[in-house]
Participant: 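Can you keep this structure in mind? I'll have questions shortly.
First listed ligand is number 1; within each ligand, the first listed atom is number 1.
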Amino acid sequence: MKYISTRGRSPALTFSEILLGGLAPDGGLYLPETYPQFTDADLTTMRGMNYRDLAFAILSRLVDDIPSADLKAIIDKTYRADVYSFAREDQNAEDITPILKLEDNLYLLSLSNGPTLAFKDIAMQLLGNLFEYVLTKSGQTTNILGATSGDTGSAAEYAMRGKKSINVFMLSPHKKMSRFQTAQMFSLQDNNIFNIAVKGVFDDCQDMVKAVSNDAAFKATHYIGAVNSINWGRIIAQVVYYFKGYLAVTNNNQQKVSFAVPSGNFGNVCAGHTARMMGLPIDKLVVATNENDVLDEFFKTGIYRPRGSANTHHTSSPSMDISKASNFERFVFDLVSRDSAKVRELWNKVDNGGSFDLQATGHLAKVADYGFVSGSSNHAARMQTIRNTQAKYGVTIDTHTADGLKVALDLRDSAVPMVVLETALPAKFEDALVEALGSLPPRPAELNGLEDLPQRFDVMDFDIDAIKQYITEKTR
Ligand SMILES: *Cc1c(COP(=O)(O)O)cnc(C)c1O
């Protein structure tokens with residue numbers, strides 16, 4: 001299994017070779033040369049499997065340069081009930097991603113029972129253990145440098161904490177994350193975790209990371225690595241729960257299932273696309289956006305028009321506040337029949353601040369062949385969906401999941417099971433939940449008093465040299 005770049009001008013590499021990096025050298029994203037195929041017989045075999053065995057059955061087809069026994073051990077260590085311990089009372093933590101039935105043909109797939117209460121744990125925990133394995137084998141170390149507005153940073157830190165070969169330098173906008181998110185990150189006392197609060201906004205943090213990553217010499221001498229949303233290791237970890245969700249709500253492989261996915265960077269739903277390309281009988285992939293509707297606009301009109309950070313709305317589902325969807329190029333590569341010259345032409349426009357139109361080229365008509373449909377939500381609809389879900393099913397959901405459920409209800413075919421991905425637990429977004437329901441959402445008892453723990457972080461100006469000097473000092 002080799003991985004190729006969507007832009008067609010980088011050499012094909014193995015999984016371990018692309019694991020630690022971000023973009024391919026030609027600026028593209030990595031994808032498998034061909035998608036492995038799961039047959040009817042394969043799916044039947046998978047029906048009886050627990051999460052770990054299912055993950056191994058899928059990941060072993062995508063990762064062929066780690067010996068099977070080692071890959072199995074990494075997976076077994078990653079997907080344990082005690083790591084995904086925040087399951088609802090009536091759910092079995094052993095399921096890792098338990099399914100919750102709301103009504104006939106309408107389900108939530110609980111992806112947020114891990115340590116940071118968001119679905120990003122599922123992928124990041126695997127990445128932490130894969131990084132540690134690959135680095136230990138090669139005798140290397142890495143310094144992960146990232147920017148976060150909340151969920152990515154905490155998931156990365158909880159996955160990498162205490163790992164000898166890895167340091168994490170995480171930039172976040174000073175005083176701009178929720179109290180819960182801040183406490184979750186800054187209360188970590190592990191000496192391989194460095195929280196840097198930048199006096200600025202999230203985009204300033206991201207610009208600092210980009211500036212450091214663009215300094216090839218610094219990047220090489222300081223072993224700078226990334227765990228951002230385009231990391232292929234994260235995508236494949238997410239493929240597993242689409243299979244898990246499908247198998248949980250069907251009893252034969254002739255049935256089709258739709259998934260509704262609260263989307264930002266298109267990472268989560270890209271994993272759904274990958275699962276579908278691997279043969280999972282998915283009917284629709286429902287892309288749900290918030291007020292930042294760049295993806296909804298594309299699926300409705302064929303026009304992909306990234307907004308620029310100045311035009312990003314700050315919403316009550318903040319983890320979906322993106323102005324461009326960094327994984328979207330992976331889907332478009334498939335949509336244009338893997339024509340990398342075409343992808344280069346399209347992203348040449350995007351990278352220069354422009355847009356492109358696939359209606360004009362006839363590609364929009366083909367989107368339906370991939371199951372994609374879309375819709376968007378907004379603050380009022382989100383609040384109403386949280387209230388309705390509480391009243392009708394007695395289930396409290398977070399603001400992101402509410403966007404997914406809202407769009408799912410708008411677009412669903414009631415004869416086809418619809419699985420809405422729960423991307424965070426409501427405890428993570430207390431203020432918005434209080435606004436919707438008038439009371440605090442349930443919080444896992446272990447996290448009571450989180451905001452009162454001592455915090456460890458450094459404050460920094462928006463200054464490229466300062467972050468380079470900081471990394472140099474801390475890794476000396
Ligand atoms: C990151 C995140 C999303 C968006 O996921 P993408 O993979 O970027 O599309 C949605 N909801 C929550 C809670 C998140 O943390």
Participant: To check your reading of the model: name the closest protein heavy atom to atom 7 (O) of ligand 1, its residue, and the distance in Å.
Facilitator: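 Protein heavy atom at minimum distance: N268 N, 2.9 Å.
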
Participant: Below 4.0 angstrom from a heavy atom of S263, which ligand 1 atoms are there? Numbered from 1 as shown, please.
Facilitator: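 Heavy-atom distances to S263 below 4.0 Å select 9 (O).
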
Participant: Would you mind running through ligand 1 and noting each atom that sits below 4.0 Å from a heavy atom of A424?
Facilitator: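 Answer, ordered by atom number: 13 (C).
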
Participant: Please work out which of M320, Q238, K120 has its closest non-hydrogen atom nearest to atom 2 (C) of ligand 1.
Facilitator: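 Result: the heavy atom closest to atom 2 (C) of ligand 1 is in K120.
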
Participant: Show which atoms of ligand 1 fall inside a sub-4.0 Å distance from at least one heavy-atom site of P262.
Facilitator: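 The atoms of ligand 1 under 4.0 Å from a heavy atom of P262 are 4 (C), 10 (C).
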
Participant: In terms of atom number and element, which parts of ligand 1 are under 4.0 angstrom from non-hydrogen atoms of F119?
Facilitator: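 Within the 4.0 Å cut-off of F119, ligand 1 contributes 1 (C), 2 (C), 3 (C), 5 (O), 7 (O), 14 (C).
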
Participant: Describe, in one word, how the ring planes of F266 and F331 are oriented to each other, choosing from parallel (under 30°), tilted (30 to 60°) and perpendicular (over 60°).
Facilitator: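 If you compare the ring of F266 with that of F331, the planes turn out tilted.
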
Participant: Say whether N327 and S229, considering side chains only, have a donor N or O and an acceptor N or O under 3.5 Å apart.
Facilitator: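 Their side chains do contain a donor-acceptor pair, which is all the 3.5 Å distance test asks for.
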
Participant: For ligand 1 and D151, I'd like to know whether there is a polar contact (N/O to N/O, distance under 3.5 Å).
Facilitator: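 Yes.
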
Participant: Out of Q384, K392, Q390, which residue meets the side-chain hydrogen bond (donor to acceptor under 3.5 Å, both in side chains) rule with N388?
Facilitator: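 Filter result, single survivor: Q384.
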
Participant: Between D321 and N290, do the side chains contain an N or O donor and an N or O acceptor separated by less than 3.5 Å?
Facilitator: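 Indeed, the side chains of D321 and N290 share at least one donor-acceptor pair under 3.5 Å.
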
Participant: Just to be sure I read this right, does ligand 1 sit under 4.0 Å from the backbone of T423, its side chain, both, or neither, counting only heavy atoms?
Facilitator: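 Within the 4.0 Å criterion, T423 contacts ligand 1 through backbone and side-chain atoms alike.
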
Participant: Between H400 and T423, do the side chains contain an N or O donor and an N or O acceptor separated by less than 3.5 Å?
Facilitator: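 Result is no, nothing qualifies.
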
Participant: Counting each atom of ligand 1 from 1 as listed, which ones have a heavy atom of G264 under 4.0 Å away?
Facilitator: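 Matching atoms, with element in brackets: 4 (C), 6 (P), 8 (O), 9 (O).
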
Participant: Could you tell me which atoms of ligand 1, counted from 1 in the order shown, lie closer than 4.0 angstrom to a heavy atom of G267?
Facilitator: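 Once the distances to G267 are compared, the set is 6 (P), 7 (O), 9 (O).
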
Participant: Considering only NZ, NE, NH1 and NH2 on the basic side and carboxylate oxygens on the acidic side, decide whether R7 and D351 come within less than 4.0 Å.
Facilitator: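 Looking at R7 and D351, the cut-off is met.
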
Participant: Please report which non-hydrogen protein atom sits nearest to atom 8 (O) of ligand 1, along with the residue it belongs to and the distance in Å to one decimal place.
Facilitator: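 Answer for atom 8 (O) of ligand 1: N265 N, 2.7 Å.
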
Participant: Please state whether the rings of F119 and Y241 are parallel, tilted or perpendicular, taking 30° and 60° as the class boundaries.
Facilitator: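 Ring orientation, 0 to 90° scale: perpendicular.
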
Participant: Can you see whether E422 engages T401 through a side-chain donor-acceptor pair at a distance of less than 3.5 angstrom?
Facilitator: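 Note: E422 and T401 side chains miss the donor-acceptor criterion.
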
Participant: Evaluate F266 for polar contact with ligand 1, using N/O atom pairs at a separation under 3.5 Å.
Facilitator: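 Indeed, backbone or side chain, F266 has an N or O that close.
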
